[in-house]
Each structure stands twice: as structure tokens, then as C-alpha cells.
Amino acid sequence: MDLFRTRCASRGLACTHQRWVIYRALMNSVEHPSPEGVYEQVRREMPSISLATVYKTIKTFVEVGLVREVSPEHATVRLDANLEPHHHFICLRCKAIYDLREEDIEPVTLRRGLPNGFRAERTTVEVLGLCPKCSREEQAN
Ligand SMILES: [Zn+2]
Ligand SMILES: [Zn+2]
């Protein structure tokens, strides 16, 4: 909660209970949920909340940099409350996204830079494969 408060304050965002509940749902998820997944989670605690409110709040979070959108490979947007530099493992079967520690992958360098006019903000590695659960299920078949 304190971290959330500090982060809100530094971004000029009012720290409301509703925002806190939504943010906490994002923080507590290791699988980079979709807004719908966050909604399912938050609804258990705040049954009156609407999906539109969750969308709107998440949009605000993304705009002020409290969470990030990840993975263009997913049809729906997936969210990441982990703002530390890190990489992702994406399961090709169930589409779950897991964090990989930055130090576990060699630094990525743009050896020749980017074509004219492009500006890099960050480089992330996506490791594609099977998560333990899907891997087990594949083997069972
Ligand atoms: Zn999987
Ligand atoms: Zn992540």
C-alpha cells in the first residue's frame, strides 16, 4: 500500500481505495493478466465494480506509468505491474506470461543501432515455449 501511495503521489494520481484494489490485483498476479482477468479478481472484493471502471482505471495506470502493457502477440492487452527491467517467458499453449529476471539473460544490445527515425525505449527478450503445466500435459498425450 505504501509503495502504491508513493507511486500515485509522484504521478499526481489520487490514491483511492478502488484504485488500490485494482492495483493490488495487478501486483499479485504473476501471469500478466488481461483487464478482464483483473476484473474477475477485483469483483470478488468489490461486487459493484463495473468492467468499464476497471478498463478506465487500468488505462489511467498505463498512462501514468504505473503498469505496462506487454506482449503484442496476444490478441488482448496484458498488463504488467513489474516496472523493473525484466524479460518474459510466454507459453505458446496457454498464453501465460511469466517474468524472467533481467540478470538471467545476457544484456541485449542493438549492434548496429536502429534504422533512421526509430527510437528505442527498452529492449526485452521474449522466450517462447511451454510452461511446466502445459509441458506436462503435452507429455501425457
Ligand atoms: Zn502453458
Ligand atoms: Zn513482466
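Numbering of ligands and ligand atoms starts at 1, following listing order. Just the heavy atoms: all of them, side chains too, but no hydrogens, waters or symmetry mates, feed the values below.
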Please round to the nearest 0.5 Å and tell me the distance separating atom [atom1] of [X] and atom [atom2] of [Y].
X: F4; Y: I22; atom1: CZ; atom2: CD1; answer: 8.5 Å
X: I90; Y: L100; atom1: CD1; atom2: CG; answer: 9.5 Å
X: H86; Y: D104; atom1: NE2; atom2: CG; answer: 12.5 Å
X: H88; Y: D80; atom1: NE2; atom2: CG; answer: 4.0 Å
X: Y98; Y: F89; atom1: OH; atom2: CZ; answer: 9.0 Å

Could you check whether [X] pairs with [Y] (Lys NZ or Arg NE/NH1/NH2 to Asp/Glu carboxylate O, under 4.0 Å)?
X: R24; Y: E45; answer: yes
X: E84; Y: R101; answer: no
X: R93; Y: E138; answer: yes

More than 12 non-hydrogen atoms from neighbouring residues, nucleotides or ligands closer than 6.0 Å to CD on E106, yes or no?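 Count not over threshold, so no.
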With 2.8 Å as the threshold, which protein atoms of type N, O or S lie near the Zn ion (ligand 2)? Leave waters out.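 Listed by chain and number, the nearby protein N, O or S atoms are H32 NE2, D80 OD2, H86 NE2, H88 NE2, D99 OD1.
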Identify which protein N/O/S atoms are less than 2.8 Å from the Zn ion (ligand 1).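 Those protein N, O or S atoms (cut-off: under 2.8 Å from the Zn ion (ligand 1)) are C91 SG, C94 SG, C131 SG, C134 SG.
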